Amino acid sequence: MTRRSRMGINLRRWFADSITHSYEPTRHRTRPPSMDPLTRGQRSRAADAKQQAREDAAALKEEIKQRDPARREPKWRRAARLGSRGLLGPGGGAMEVVDVIPTFRATTVQACGLFPFVVGDTHPMVGSPHGINLKTGGTFNYDPISATYRARLHVTPSCFLLGLPSYGKSSVARKMIAGAAGQNQIPFVFADTKGEHVKVVKDLGGKIIRLGHGHGQLNPLALGALGSIIVRLQKAGREDLARLVSKQVHSRRKRLLQGLCEIERESALGQTERNLLGAALRILDADPRFGPDTLPPVIADLIELIESAPDALIRKVLAPDEAHYNLEVKPLLQTLTALVDGDLGDVFAGQTSDPIDLIADPPPAICVDISSITSGDEKLEAAVMYACWEDGFGAIEAAHVLADAGLAPQRHFLAVLDELWRVLSAGPGMVGRIDAVTRLTRTLGTALMMITHTVKDLETLAADMDIQKAKGFIERAGALIVGALPREEMDKLDAIIPFTRADRDTVSSWSTPGAYDPDTQTRRPPPGRGSFMLKIGTERVPGTPFKTVFTPIEIERKWHETDARFSGAMAA
C-alpha cells in the first residue's frame with residue numbers, strides 16, 4: 001500500500017469519527033481558577049516593586065558609569081585595580097590571606113631611600129614617656145611644657161584630660177607628674193581628694209601636706225608664701241615690688257575669705273559686707289600685734305575686731321551710729337562665726353600647720369592630701385579645695401616674683417587639677433578664677449593639667465554662663481587627651497573640638513566593658529583600659545592614639561594601684 005492510500009484511509013477515518021463523535025479530543029492546559037481580588041492586588045504590587053527595583057538599579061549603574069569613565073568600558077577591557085588583597089579584575093592576582101608586613105623604625109636620614117614605603121610620624125618623641133604610639137608602634141611622649149616650648153606642637157602649656165573612671169585616667173596624670181619631676185619641673189597637686197597621687201609624690205621625695213578632720217589646718221588670713229617674700233624684697237632695695245606684692249597679698253586674702261563665707265552661706269555676699277572685709281583686713285595689717293616676726297591673725301581676731309565697732313568700720317558701712325552698724329554686720333558675723341565653730345572650723349579656725357615653701361628649699365613635688373575629708377561633707381571639701389587653689393597659686397607666684405627680681409632661680413611648675421568638677425563647684429567665682437588662669441598660663445610660667453570624667457561634669461554647674469566658660473577650658477587647652485568615652489559624650493565633645501569619624505569610633509570602642517571569663521569566674525579588664533587619644537588643635541585632623549605602659553618601678557612601687565582596698569575581694 002502506497003503512502004497516498006494510507007493518508008486517504010486516515011482522512012476518511014478521521015472524518016467518520018468526527019461525525020459520530022467517537023474520537024478523543026486533544027487535551028488542552030486548563031486555566032487556573034480565578035483569584036480573589038486581595039491576592040490579585042498583592043501580586044500586582046509585588047510585581048510593580050520588582051520592576052521599580054530593576055529600574056533603580058539600572059539608573060544607579062548608569063550614574064556610576066557617568067561618574068567613573070573607566071567603568072564605561074567593557075569588563076574585558078578594564079585594567080586590573082589594586083585592592084586590599086592584591087590586583088582585582090582580569091589579569092589580577094588577589095590573595096586570600098595577606099601576611100603582615102614587617103615594620104621598622106628609623107630616622108628620616110636612614111629611611112629616606114625606602115620611599116615611598118615610609119609612613120611618617122607627626123608626633124615627635126619629646127617629653128615624658130607614657131607608652132606605645134598605637135599608629136607607629138614606637139614610644140609615645142608628651143607633657144605640656146615640652147610640647148609647647150621644645151616640640152612647638154601647641155602654644156599654650158596646658159592640657160585637658162577626659163575619661164570614664166577605672167580606665168587609666170589617673171595613671172596618665174601620675175606619669176605626667178613623674179615625668180615633670182624628672183625634667184626639673186615641680187608638679188603641684190593642689191587638692192588630692194582620693195590620695196591617688198600621694199604615693200608617687202612621696203617616692204619622688206616630694207612634700208605631702210594633709211588637710212582635713214584630725215589633720216592639718218590652713219589659716220585664710222595668713223600672708224602665705226607670697227607675703228613671706230615682702231621682707232626679702234625690702235632688704236634687696238625693691239620697695240616698689242614689695243608694695244605691689246603687698247597689694248596682691250591683701251587681694252588674695254580678701255578673695256579667699258570672701259569665697260569661704262559664700263561657700264558657708266551658700267549665697268553671695270553683699271557689697272557692704274565685701275567692703276567691710278577689705279577694711280577690716282587693712283586694720284589687722286596695721287595692728288602691731290601681728291608683725292612680720294609674729295603669728296598672723298586668725299578668723300577669731302577678725303570677729304573680735306568687727307564686734308568692737310571701730311569708727312573706721314562704722315564709716316565704711318555708712319551707718320549713722322553703732323546701733324545701725326550692729327544691724328548691718330550681724331549677718332556677716334554669723335557667717336564668720338560658722339567658719340570657726342561650724343563644719344569648716346576643723347580646718348580654718350587655727351594657724352596654718354604646714355605652710356608651703358617654694359623659696360628656701362623647694363621640694364621636687366608637692367601634693368595636698370585632703371582624702372581624710374569624707375565625700376559626703378561636700379561643703380568642707382569644696383572650701384578646702386578653694387583654699388588650696390588660692391594658697392597654692394600664691395606660692396607659685398611668690399617663686400616667680402623672686403625669679404623676676406633676680407633673687408632666686410627661675411622654676412617651672414605643673415599644676416594638677418584632678419576632679420576638676422569639684423573645683424568648679426567649690427563656690428561662687430571659682431569658674432571665673434580658673435578661666436583667668438587658663439588664659440594666663442604662659443604669663444604665670446605654669447603648665448596646667450585639668451582632669452575630669454565627662455563633658456556632663458561641666459554641664460552640672462548652676463549658671464549657663466559658667467557652663468559656657470567651663471567648656472571654654474577644653475577649647476583653649478593646648479591639647480586634649482581623651483580616654484574611654486561613650487558615643488554620646490564624644491558627640492558633645494565633637495561640638496567643642498572637632499574629631500574625625502574614625503577617632504570618634506575608636507574612642508567609643510574603648511568604653512566597651514570587659515568580657516566575663518567563665519574559667520576564673522571574673523570579669524576581664526576593659527579592652528580600652530590604658531588607651532587614650534591625644535588631640536592637638538581645633539581642626540578636624542586625626543589624633544594620636546597611645547596606650548600607657550607601666551615600667552617595672554611603677555609596678556613594684558604600686559603607683560597605679562587605685563583599688564588596693566579591694567585586693568582581698570577576689571580571694572574572699
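Throughout, residue positions are numbered sequentially from 1 according to the sequence presented. In this text the structure is predicted, and so the values were computed from the model without any measurement.
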Chemist: Would you check, one step at a time, whether the test side-chain contact (heavy atoms from CB on, under 4.5 Å) holds for D391 with R252?
Modeler: CA-CA 9 Å; D391 194 49; R252 279 189 178 278; over 6 Å; no
Chemist: Mind checking the NZ-CD1 spacing from K199 to I208? Nearest 0.5 Å is all I need.
Modeler: 12.0 Å
Chemist: Using every non-hydrogen atom in the two residues, find where P362 and I186 come nearest and quote the distance to one decimal.
Modeler: CB-CD1, 4.1 Å
Chemist: If you measure from CD on E196 to CD1 on I451, what distance do you get to the nearest 0.5 Å?
Modeler: 9.0 Å
Chemist: Of all residues at least two apart in sequence or in a different chain, which pass the salt bridge (charged side-chain N to carboxylate O under 4.0 Å, His left out) check with E266?
Modeler: K379
Chemist: Quick one: ring-ring contact (aromatic ring centres under 6.0 Å, His included) pairs with a partner in residues 485-512, sequence neighbours left out?
Modeler: none
Chemist: Between atom CG of L448 and atom SG of C159, what is the distance when rounded to the nearest 0.5 Å?
Modeler: 8.0 Å
Chemist: Show your working on side-chain contact (heavy atoms from CB on, under 4.5 Å) between F546 and K135 and close with a plain yes or no.
Modeler: CA-CA 8 Å; F546 67 95; K135 280 187 176 180; over 6 Å; no
Chemist: List for me each residue that meets side-chain contact (heavy atoms from CB on, under 4.5 Å) alongside P363, sequence neighbours excluded, and say none if there are none.
Modeler: K207, L358, I366
Chemist: Using side-chain heavy atoms (C-beta onward) and a distance below 4.5 Å, is L161 in contact with M450?
Modeler: no
Chemist: Would you check if there is a donor-acceptor pair between the side chains of S128 and Q183 at a distance under 3.5 Å?
Modeler: yes
Chemist: Once salt bridge (charged side-chain N to carboxylate O under 4.0 Å, His left out) is applied, what residue pairs with a partner in residues 539-549 remain, sequence neighbours excluded?
Modeler: D494-R540
Chemist: Would you be so kind as to tabulate the donor-acceptor pairs closer than 3.5 Å made by side chains of residues 477-485, with sequence neighbours excluded?
Modeler:
none

Chemist: Check whether any side-chain heavy atom of L162 lies under 4.5 Å from a side-chain heavy atom of T452, and answer yes or no.
Modeler: yes
Chemist: Give me the one residue out of H560, M449, H130 that meets side chain to side chain contact (heavy atoms under 4.5 Å, CB included) with V172.
Modeler: H130
Chemist: Within a 6.0 Å radius of atom CZ on R54, are there more than 12 heavy atoms belonging to other residues, nucleotides or ligands?
Modeler: yes
Chemist: Are Q52 and D56 linked by a side-chain donor-acceptor pair shorter than 3.5 Å?
Modeler: yes
Chemist: P187 and Q185: which non-hydrogen atoms are nearest, and at how many Å?
Modeler: CD-O, 3.2 Å
Chemist: Go through the steps to decide whether T148 and V155 satisfy the test side-chain contact (heavy atoms from CB on, under 4.5 Å), and finish with yes or no.
Modeler: CA-CA 5 Å; T148 303; V155 296; 5.5 Å; no
Chemist: Salt bridge (charged side-chain N to carboxylate O under 4.0 Å, His left out) with D143: which residues, sequence neighbours excluded?
Modeler: none
Chemist: Mind listing the closest non-hydrogen atom pair of A387 and L218 along with its distance?
Modeler: CB-CD2, 4.1 Å
Chemist: When you check the side-chain N and O atoms of T544 and H123, is any donor under 3.5 Å from an acceptor?
Modeler: no
Chemist: If every non-hydrogen atom of L153 is compared with every non-hydrogen atom of P124, which pair is closest and at what distance?
Modeler: CD2-CD, 3.9 Å
Chemist: Any side-chain heavy-atom pair from E390 and R253 closer than 4.5 angstrom?
Modeler: no
Chemist: Rounded to the nearest 0.5 Å, what separation is found between the CD1 atom of I474 and the NZ atom of K492?
Modeler: 11.5 Å
Chemist: Measure the CD1-OG1 distance between I467 and T460 for me, rounded to the nearest 0.5 Å.
Modeler: 7.5 Å
Chemist: Between T136 and G138 (side chain of the first, backbone of the second, donor and acceptor by atom type, cut-off under 3.5 Å), is there such a pair?
Modeler: yes
Chemist: Do F473 and L424 make a side-chain contact, defined as non-hydrogen atoms from C-beta onward lying under 4.5 Å apart?
Modeler: yes
Chemist: Only distances under 3.5 Å count here; give the side-chain donor-acceptor pairs of residues 409-420 to other protein atoms, sequence neighbours excluded, each with its distance to 0.1 Å.
Modeler:
from : atom 1 : to   : atom 2 : distance (Å)
Q410 : NE2    : H400 : ND1    : 3.2
D418 : OD2    : H197 : NE2    : 3.0
E419 : OE1    : W421 : NE1    : 2.8
E419 : OE2    : K194 : NZ     : 3.3

Chemist: Hey, does R476 have a side-chain heavy atom less than 4.5 Å from the side chain of F160?
Modeler: no
Chemist: Which atom names give the shortest non-hydrogen contact between C388 and L211, and what distance separates them?
Modeler: SG-CD1, 3.7 Å
Chemist: Within the side chain of D404, is there an N or O that forms a donor-acceptor pair under 3.5 Å with the backbone of V401?
Modeler: no
Chemist: Can a side-chain donor-acceptor contact be found between E554 and T551 if the only test is distance below 3.5 angstrom?
Modeler: yes
Chemist: Mind checking ring-ring contact (aromatic ring centres under 6.0 Å, His included) for F190 and listing every partner two or more places apart, or none if nothing turns up?
Modeler: F188, W389, F393
Chemist: Check step by step if side-chain contact (heavy atoms from CB on, under 4.5 Å) holds for I370 and D192.
Modeler: CA-CA 6 Å; I370 64 172; D192 190 357; 5.8 Å; no
Chemist: Quick one: salt bridge (charged side-chain N to carboxylate O under 4.0 Å, His left out) partners of K254, sequence neighbours excluded?
Modeler: none
Chemist: Please check if the side chain of Y167 supplies one atom and the backbone of S511 the other of a donor-acceptor pair under 3.5 Å.
Modeler: yes
Chemist: Considering all heavy atoms of both residues, which atom of A181 and which atom of P364 are nearest to each other, and what is their separation?
Modeler: CB-O, 4.1 Å
Chemist: Sort and list the pairs that fulfil side chain to side chain donor-acceptor pair (under 3.5 Å) and have at least one residue in residues 477-491, not counting sequence neighbours.
Modeler: R487-D505
Chemist: side-chain contact (heavy atoms from CB on, under 4.5 Å) with A502: which residues, sequence neighbours excluded?
Modeler: T500
Chemist: Keeping the roles fixed (side chain from K535, backbone from G537), state whether a donor-acceptor pair exists under 3.5 Å.
Modeler: yes
Chemist: Mind checking the CZ-CG spacing from R529 to L164? Nearest 0.5 Å is all I need.
Modeler: 12.0 Å
Chemist: Residues two or more places apart in sequence or in another chain: which of them pass side-chain contact (heavy atoms from CB on, under 4.5 Å) with I555?
Modeler: F550
Chemist: With a 4.5 Å heavy-atom cut-off, do T454 and D457 have their side chains touching?
Modeler: yes
